[in-house]
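Read the structure below first, then the notes.
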Amino acid sequence: MIGQLRDKCRRLLQDGAVQVVIGYGGASTPDGMPHPIFVRRPDDVDKLVWNDRCMSNLTTYLTRDAVKALGKPAIVVKGCDARALVVLEQECQIDRSAMHVIGMACAGVGSPRAPKCASCDVHVPALADEVIGEAPETTGPADSPYSELEEFLKKSTVERFAYWREETARCIRCYACREVCPTCYCRRCIVDKNRPTCIETSATVKANFAWHVTRAFHQAGRCTGCGECTRACPVGINMRLLNQSLARAAEEHFSYRAGTDRETPPIIGAYGLEDKESFIR
Amino acid sequence: MNNIYMPDLMEVVEVQQHTPDVKSVKIKFQDPALAESFTFRVGQFGMFSVFGAGESTFNICSSSNWKGFLEFCFRKTGKVTESLWQADEGDMIGFRGPYGNSYPMEEWEGKNLIFIGGGIAMPPIRCAVWYALENRAKYGNITVLYGARTVKDLVYADELDKWAEQERVRVIRCVDPGGETPEWKGEVGLIPHVLERAGVSAENSVALVIGPPIMIKFTLPVLDKMGLAKADVYTSLENRMKCGIGKCGRCNCGPVYVCKEGPVFSFEQLSRLPVDY
Amino acid sequence: MSEMIAQEALPGLVDKWLAQGKRVAGPSVVKPGYCLYVELESSAQLALEGFVRPRNSIKEFVFPRHETVCRYHFSGHTVETEDCDPPQSEQVIVGARPCDAAALPILDHLFTWDYEDKFYTERRKATTVVTLACQTHDDECFCTSLDLGPAAEQGSDVLLLAMPGGYEVRCLTDKGKALFAGETRTAEQAAVVPPGPPVTVTPETVMTYLQASYDDPMWIDLALRCLGCGACAYTCPTCHCFDIVDEGTAAGGCRVKNWDCCQFAMFTQHASGHNPRPGQSQRQRQRIQHKFRIYPEKFGVMLCTGCGNCARNCPVGLGVLSTLKEAAGHGPVEVGS
């Protein structure tokens, strides 16, 4: 697979079809996680790698000025990453026709396997311009993406609140969760606003709670479950669970799953007379 | 143990509005012992608080010879200055300072002083002008070239008149082309151009130039042509600050902390620093 | 000949210190895969092996993420202010890594530079640091490049070194001696400490490069993958930048000091809209300049202890070490090239 990827990228750069390949490159340690790299010269495509440690969701770079300035990109995506492209396109943050999307067939990443992989139904990325690799042999139907949530909801509200208190108490407000997220692209985040201050910047339980709940709400109907936020968190806050809760609500109440269908209008941000809320009429 | 982040309480004595978005405030210490003992040097700055909104950095724009009160001047731009805009006589604000280095007024003794300022940059020049006037014998000719975009944007315009009445003081005021009114009797033009045609002598002179980066960029070559060395041209830098005392790591310009080794720099010093401001 | 304690004596000591009313902090596995320094409620929480080093650092016990520096109350036009003091209770940090302890004497310079920050110095005075020599390291560790090592003593009051049956105890300061007085017994052997990581960079070379090459375009490419979060700075033992804000209501509130990070876009943003460091390349350059040029020029020590937390916690693996290697490989850059 890696040979195919490098050949393809070499040709794309040589032909001038793209100016930069956003892909995975060498790790700083032998068994480490490959880093995001930005290949501009055809000879440098040999720096591209592909393995089950390619954790990053590279689509987060598509909305960054310094990367946009490099020119038309080719981007390497896993199936879970590619779903963010749908949301970004629906929200007019990317021009899907102005990039070349290379999907990599993937059996799962991380060791141990990332929690998201057990419920993966996009081992072969959908919506890519081309796919390298073949569907892996799966060991059966994918788990429900909400299995952890369903277990959690068996706890009482008191227990659940105590859990979130403990989780958010560890938050150091580094915003790694926000910065890795492809759909957190606001130039000025709500937490950076001070006229008025909506969310205090202090790392207290109160303000941390407000931060995580607000971010989850802002991701409602938009989060594609790539799990990067949870992986990026230095202190292990289980944001994925919060996001799952809102994603399930979107499915249950609006039959909507973010990042799966380019044609369906997004549930938050699109309004129609058929909407069930009476105030819209 | 002393709390270095704890402001002193100051009472607003007077508020003066200069332009649609610029006010100056005169404050006095609540603590009479502090009012008595407090000193500073012109060029230094303070951290001024509106409790609940936060702290902001302003030059202390009153002369260091004036006892019992301080003055600062601000443009309404952000959270703290919007709150400061509401300040009235009798209100309490906080003050921490004086911080930073200062104008080398002793080194400038015996020299002719050229002050050049644009817009909201008048206040940090004002304190030096008053100081020099109050020690008139120690300084040579004083030239003040001050300009703003329009007549309405001139800050401390009334004091310019008072300075012009003093001995060996020349005041040149100007507005940008298009900024003049029919009654305007001053110069019309951008500061570098007005400076060029003003025919100010650079003999035995030092200059203090404060203003937006673009104004400084085009004024420096004029001063150079006039014969002033970079080491004799000074400015006061602005960088975002929070603690003002060299701890929070925010205001550094390359290897120097603006709050500790500045904000007053000569252009010779600045030429050795990266453009990190 | 050395002094030692038995293996099981250490948790016993932790419980004893807790019973004495001291605050005790140490590494703890808060959830699988996440070992963090936390305040301990009992010795049962203390984790001493199974990981290279905790993901965070001990700085938060002398320089908290968030603290109040003064309070204010409104009544009509007047404001009353109230001074604040840091907590006065003694604390012990047990099981700290030498690279964490070494950060404290480095930070002392800044927090006492002309103005003494009592919030730091009083906590520091009330803290006794008990370090545990490292038995293992990983590829992100580079303490040896900064004149430190698995049994470095800088910043430590007591150094524990694992040996058969327990720990050798080296009391390095009066505070350390007081804490362990009467707790140790003599032993025949001394502990053997494994070697640390091989030296990979020379900070002095990097400093020379940084002094000569501010405008090197290297920073643009290097910072492309930087996401501008604070994971590196907040988990770093020596990063100390902070913000001061007011938080409260119409009745009054607190002026607080919170951690801040030079990688955030708003860090140097002026109210006018101007930003001296508008992009990630300038902000990454600032971080490395601060650690390996600005701080040593002022205080004679590097603002880094080679712990590797930045690389391990960075979501895209951009650590200080990889940047240093890149910088060390560059000579001084001619202006204009």
Side-chain angles (χ1 to χ4, degrees), chain B residues 1-9 11-12 30 47 49-56 74-83 87-94 99 120 212-213 238-257 260-261 273-277, chain C residues 69-70 72-74 76-85 110-111 113-122 210-211 214-215 239-250 252-253 255 257 260 262 266-277 282 285-286 289-290 293-294 297-298:
Chain B
M1 152 115 278
N2 179 39
N3 183 346
I4 58 180
Y5 303 107
M6 181 77 168
D8 292 312
L9 281 176
E11 186 183 324
V12 175
Q30 283 294 91
M47 302 297 295
S49 323
V50 174
F51 293 100
E55 282 183 316
S56 230
F74 68 95
R75 162 177 283 146
K76 180 165 62 124
T77 323
K79 179 168 176 142
V80 176
T81 47
E82 270 185 8
S83 287
D88 242 329
E89 280 174 44
D91 285 342
M92 293 296 186
I93 63 173
Y99 298 143
I120 187 67
E238 274 184 1
N239 250 4
R240 182 168 171 162
M241 293 184 187
K242 279 285 175 170
C243 72
I245 48 178
K247 307 242 180 282
C248 74
R250 186 181 308 264
C251 72
N252 69 292
C253 171
V256 308
Y257 278 54
K260 297 279 282 157
E261 294 131 288
L273 292 179
V275 181
D276 196 15
Y277 53 89
Chain C
V69 292
C70 79
Y72 53 90
H73 316 275
F74 301 117
H77 276 296
T78 53
V79 179
E80 278 155 32
T81 55
E82 197 187 300
D83 198 350
C84 277
D85 278 304
L110 178 104
F111 283 107
W113 181 29
D114 290 350
Y115 299 88
E116 185 177 320
D117 182 336
K118 69 172 180 178
F119 297 94
Y120 173 89
T121 55
E122 284 181 19
L210 291 172
Q211 284 165 332
Y214 192 82
D215 295 304
C239 275
H240 55 265
C241 290
F242 59 86
D243 188 18
I244 301 178
V245 286
D246 287 358
E247 288 178 355
T249 66
R255 179 155 293 168
K257 198 167 153 235
D260 206 344
C262 57
M266 303 279 298
F267 188 69
T268 49
Q269 175 95 355
H270 292 198
S272 64
H274 171 64
N275 192 340
R277 299 182 200 137
Q282 292 99 342
R285 173 178 60 190
Q286 157 65 14
Q289 286 268 338
H290 194 185
R293 180 222 174 151
I294 301 172
E297 274 182 12
K298 288 205 174 337

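Letters A, B, ... mirror the listed sequences (proteins, then strands); counts begin at 1. None of these values were measured; they are calculated from a predicted model.
- Of the listed residues (I294(C), V245(C), D85(C)), the one with the most heavy-atom contacts under 4.5 Å to chain B is I294(C).
- If you measure heavy-atom distances from D260(C) to chain B, the contacts under 4.5 Å come from the side chain alone.
- Contacts of E261(B) with chain C are made by side-chain atoms alone, with heavy-atom separations under 4.5 Å and no backbone atom involved.
- Looking only at side-chain heavy atoms (C-beta outward), Y5(B) and R255(C) stay at 4.5 Å or farther from each other.
- For a residue to count as touching a neighbouring chain, one of its non-hydrogen atoms must lie under 4.5 Å from one of that chain's; by this rule Y214(C) touches chain B with the side chain only.
- At a cut-off of 3.5 Å, with distance as the only test, a side-chain donor of Q289(C) or R293(C) sits close to an acceptor on the other residue.
- The contact between K260(B) and chain C is made entirely by side chain atoms (from C-beta outward), counting heavy-atom distances below 4.5 Å.
- Here Y257(B) pairs with W113(C) under the ring-ring contact (aromatic ring centres under 6.0 Å, His included) rule; sequence neighbours left out.
- Counting heavy atoms from C-beta outward, L273(B) and P255(B) have side chains that approach closer than 4.5 Å.
- Proximity to chain C (any heavy atom under 4.5 Å) is shown, for C243(B), by both the backbone and the side chain.
- At a 4.5 Å heavy-atom cutoff, T81(B) makes no contact with chain C through either its backbone or its side chain.
- Heavy atoms closer than 4.5 Å to chain B are found in both the backbone and the side chain of Q269(C).
- For a residue to count as touching a neighbouring chain, one of its non-hydrogen atoms must lie under 4.5 Å from one of that chain's; by this rule N2(B) touches chain C with the backbone only.
- Only the backbone of S272(C) comes within contact range of chain B, with at least one heavy atom under 4.5 Å from a heavy atom of that chain.
- Of the listed residues E116(C), Q211(C), E82(C), E80(C), the one with more heavy-atom pairs under 4.5 angstrom with chain B than any other is E116(C).
- Inter-residue side-chain proximity for S83(B) and V80(B) is flagged as unmet; no heavy-atom pair is nearer than 4.5 Å.
- Interface residue E122(C): only side-chain heavy atoms are found under 4.5 Å from chain B.
- Contact of F74(C) with chain B is made through the side chain alone, with heavy-atom distances under 4.5 Å.
- Ring centers of F119(C) and F242(C): at least 6.0 Å apart, outside the cut-off.
- Shown here are the side-chain contact (heavy atoms from CB on, under 4.5 Å) partners of T81(C), two or more places apart in sequence or in another chain: M6(B), L9(B), F51(B), Y72(C), V79(C).
- Of the two parts of V12(B), neither the backbone nor the side chain holds a non-hydrogen atom closer than 4.5 Å to a non-hydrogen atom of chain C.
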Would you sort out whether I4(B) and K247(B) count as a side-chain contact (heavy atoms from CB on, under 4.5 Å), showing the intermediate values?
CA-CA 11 Å; I4(B) 58 180; K247(B) 307 242 180 282; 3.9 Å; yes
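- Heavy atoms of other residues, nucleotides or ligands lying less than 6.0 angstrom from CD of E238(B) number 12 at most.
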